[in-house]
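The chains referred to below are lettered A, B, ... by the order of the sequence lines, with proteins before strands, and numbering in each begins at 1.
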Amino acid sequence: MVAHLLRLKLTLLRNSLKRSTMQIVGLVFAGIYGLGLLVMVLVGLAALGAAEPETIGMVTVLAGSAVFLGWLVVPVVASGLDMTLDPARFTTFAIPMKSLLVGLALSGFIGIPGAVTLLAALGTAASWWRNPLAGIVALLCGALAALTCIVASRAITAASTSLASSRRFKDLSGIVLLVPLMFLGPIIGSVSSSINDLSDYLPSLANTLSWTPLGAVWAIPAEVAKGAYGVAGLKFVIALATVALLAWIWKVCLAKALVTPAFAGGTRRAAGKMGFFAWFPQTPAGAVAARCLTYWIRDPRYSAGLIVAPLLPLVLVFAGSQAGGLGSVGTILGYGGAFAAFMIAWSISSDISYDNTAFALHLATGLSGRADRAGRVVAAAVLALPLGLMFIVAGAVVSGSWAAFPAMLGLMLGATGAGLGLASIFSARFIMNVALPGESPMKSKPGNNFSAVLIQLAGFGGAGLLCVPVGALVVTAAVTGVPLFGWLAMVAGLVLGAGYLVLGIRWGAKEYNRRGPELLLAVSVDR
Amino acid sequence: MTEISPLRLDAPAASPKPPALSIRGLRKHFGAKVAVDGIDLDVPAGSFYGLVGPNGAGKTTSLSMATGLLRPDAGEVWVHGVDVWARPLEAKKLMGLLPDGVRLFDRLTGEQLVTYAGLLRGMDKDTVAHRVQDLLSVLDLAKDAGTLVVDYSAGMTKKIALAAAMIHAPSLLVLDEPFESVDPVSAANIRDILTDYVNSGGTVIVSSHVMDLVQRMCDHVAVIAGGHVLAAGTVDEVRGGQSLEDKFVELVGGRNQSAGLQWLRTS
């Protein structure tokens with residue numbers, strides 16, 4: 001039975017590769033990346049072997065704890081990251097619980113993250129080439145550690161799915177967890193700069209960790225090398241207890257998930273609430289705008305973008321605040337407005353991919369390309385323009401100077417217009433491999449990365465080119481300090497942005513009218 | 001629902017008007033697999049037309065091509081004399097479509113979704129609002145009108161999609177598997193609506209696996225298998241004295257004549 005589950009996982013992987021060459025390219029890239037990482041780790045570990053047992057122990061405990069933490073956190077953030085062997089699909093087969101657990105755990109090693117973790121954990125033995133006994137212990141502990149990682153991530157996934165079977169919770173959790181992640185970089189930056197005496201701090205941290213479930217298993221070889229067999233034994237007990245406890249949690253949650261349907265119904269609500277449909281003119285384009293705006297709010301794949309876009313400039317501000325004073329913060333905020341507005345505008349470049357086969361309704365109703373494009377653009381503009389303006393005003397208030405206001409406004413308008421126009425063409429031209437309706441916004445598909453990155457680069461590059469005239473005026477205004485250039489930049493941004501928008505909608509509409517059925521066929525491949 | 005006077009037609013030749021749907025030489029292949037291999041079909045105006053065939057026969061593919069959702073490799077389609085692939089916008093105005101196996105904009109409420117379908121057709125808002133209420137109450141969805149479609153059951157989802165297909169009172173309704181996972185009471189209601197609609201001059205095409213249903217409900221039927229039309233005409237012509245199910249099995253073949261699964265016995 002266990003062998004069957006492993007074979008199923010391999011078959012699923014192979015079949016997914018057969019579907020498109022891009023997936024193979026993606027897997028090859030991920031494989032090269034993983035292999036490179038593994039080689040670096042192994043070389044590092046072997047080099048580490050020249051050091052004292054205490055140092056080796058400290059490094060492996062710290063790194064191992066971080067890996068373990070990663071396995072715990074990632075499944076929560078990217079819920080449904082790898083659900084190829086979703087336990088819910090096995091409900092109708094009477095698979096003994098023990099076989100299911102073992103099979104699912106072992107199948108976790110099939111795949112790049114699992115395989116790399118296993119090999120790297122076994123590779124800790126390489127750092128004990130001066131002490132063969134510790135090396136053998138390290139091999140055993142490495143296998144145990146890798147197994148603990150897999151079981152931990154499975155347990156967390158099972159626990160969070162049984163906790164969060166409601167759709168609303170699922171929609172929210174992905175987004176909420178995204179926010180602290182974005183600020184992780186700045187936070188780590190400021191924390192690490194404040195701790196200058198890291199070398200004093202790390203050994204005690206490692207020592208503490210080695211007595212917790214996070215680090216115990218990694219510390220055992222070092223204790224063996226030091227000859228502290230009693231301590232090694234105690235830590236081994238902690239490690240075993242950890243994996244046993246995690247396996248038990250997993251088993252309980254899995255048992256519950258197998259008898260609980262995936263969805264429990266919501267409350268019934270009667271008619272009357274038309275939402276955004278009451279706000280917009282009741283025309284085809286207005287209806288599309290209302291529908292898109294509803295999706296910006298209700299669909300986590302859109303609303304994640306809506307939350308991330310304003311945060312990106314704030315991350316820049318955080319970095320800037322450490323370099324310069326309030327003045328520079330204001331400037332960054334102001335120009336960041338153009339960036340935030342562009343990010344929202346550019347999101348609609350994968351609009352039809354997000355619609356998936358629901359797009360059939362647009363096609364079946366004979367909606368004109370112009371109405372479709374215009375509606376989507378209006379919805380994004382309604383969000384992007386006020387957001388950009390908010391940033392620019394905030395920037396002016398913070399820096400206490402309105403001198404750069406016209407230039408910033410021009411840049412924002414130009415960037416938004418270019419983004420919307422270009423996205424209107426791109427979304428009628430390219431279908432991206434995005435998260436399906438109802439899936440976590442964090443979920444990305446293997447093999448998507450390569451083509452997606454190319455298209456994104458083309459879009460960003462194109463938008464950058466389109467913004468060159470406005471940008472030149474903005475730079476001139478900032479360098480010379482002559483207000484005239486600022487006002488010129490504003491006018492240029494307004495005129496060019498509007499022009500790009502109109503051209504983009506026209507061109508996009510032409511593409512849409514010509515390629516409607518092909519677009520539907522392209523999205524139906526992935527559903 | 002339509003202003004067209006009731007009109008029953010026995011044969012397309014007798015019709016002064018063009019057929020509701022006319023298909024000539026329709027072909028489609030996906031990779032090496034030929035899904036539809038040269039289909040010719042005439043659906044007389046005012047008929048209740050059943051499309052039956054085994055799984056993978058090419059029913060959905062044919063209907064997608066006939067309604068402008070999937071571009072055919074070859075062949076032509078006319079809806080009331082309008083070429084679907086040459087004048088798609090005009091042709092789509094005449095059709096209402098319930099596709100099978102596609103998603104809906106399910107983050108809208110049921111009411112919003114049907115309204116959306118109406119507005120996309122360019123209808124004015126008062127007509128849309130009025131018809132949405134009618135459709136929701138007839139399909140027994142009024143109490144769930146404010147619920148997101150994503151939270152609907154499979155049967156409710158089918159019904160709301162049907163409402164979205166009928167909102168603009170088309171003269172041709174193309175329904176791909178409309179009764180799948182719909183409860184018997186709702187199915188009977190939907191049948192009544194469709195029968196009324198046909199009696200008032202509309203044309204309905206349904207694809208289905210359920211032979212009994214087609215035999216009782218439809219006046220015309222076409223049997224499709226392996227991308228070909230095996231038989232087409234009035235139900236009585238096609239079944240020729242047998243039950244439709246027996247005739248279907250005879251045409252399509254593939255029944256196992258062996259003794260079945262010997263081990264699947266409890267005694």
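Within the 4.5 angstrom heavy-atom criterion, only side-chain atoms of B:Thr115, from C-beta onward, approach chain A. For B:Leu97, the part lying under 4.5 angstrom from a heavy atom of chain A is the side chain only. Residue A:Leu520 touches chain B through its side chain alone, counting heavy-atom pairs closer than 4.5 Å. The contact between A:Thr294 and chain B is made entirely by side chain atoms (from C-beta outward), counting heavy-atom distances below 4.5 Å. Interface remark: B:Asp106 contributes backbone and side-chain atoms alike to the contact with chain A (heavy atom separation under 4.5 Å).
Note on B:Met123, B:Met95, B:Lys92: by heavy-atom pairs under 4.5 Å with chain A, the leading option is B:Lys92. Contact tally against chain A (heavy-atom pairs below 4.5 Å) for B:Gln112, B:Glu90, B:Lys93, B:His168: the top residue is B:Gln112.
Note: B:Phe105 and A:His362 have tilted aromatic rings, judged against thresholds of 30 and 60 degrees for the angle between ring planes. Using cut-offs of 30° and 60° for the angle between ring planes, the A:Trp279 and A:Phe276 rings count as perpendicular.
Salt bridge B:Asp183/B:Lys158: absent, no basic N to carboxylate O contact under 4.0 Å. A salt bridge links B:Lys28 to B:Asp73: one of the charged nitrogens lies within less than 4.0 Å of a carboxylate oxygen.
Two rings, from A:Phe359 and A:Tyr512, have their centers less than 6.0 Å apart.
Residue B:Leu162 is tested with B:Leu98, B:Ile193, B:Val114 for a side chain to side chain contact (heavy atoms under 4.5 Å, CB included); the sole match is B:Leu98.
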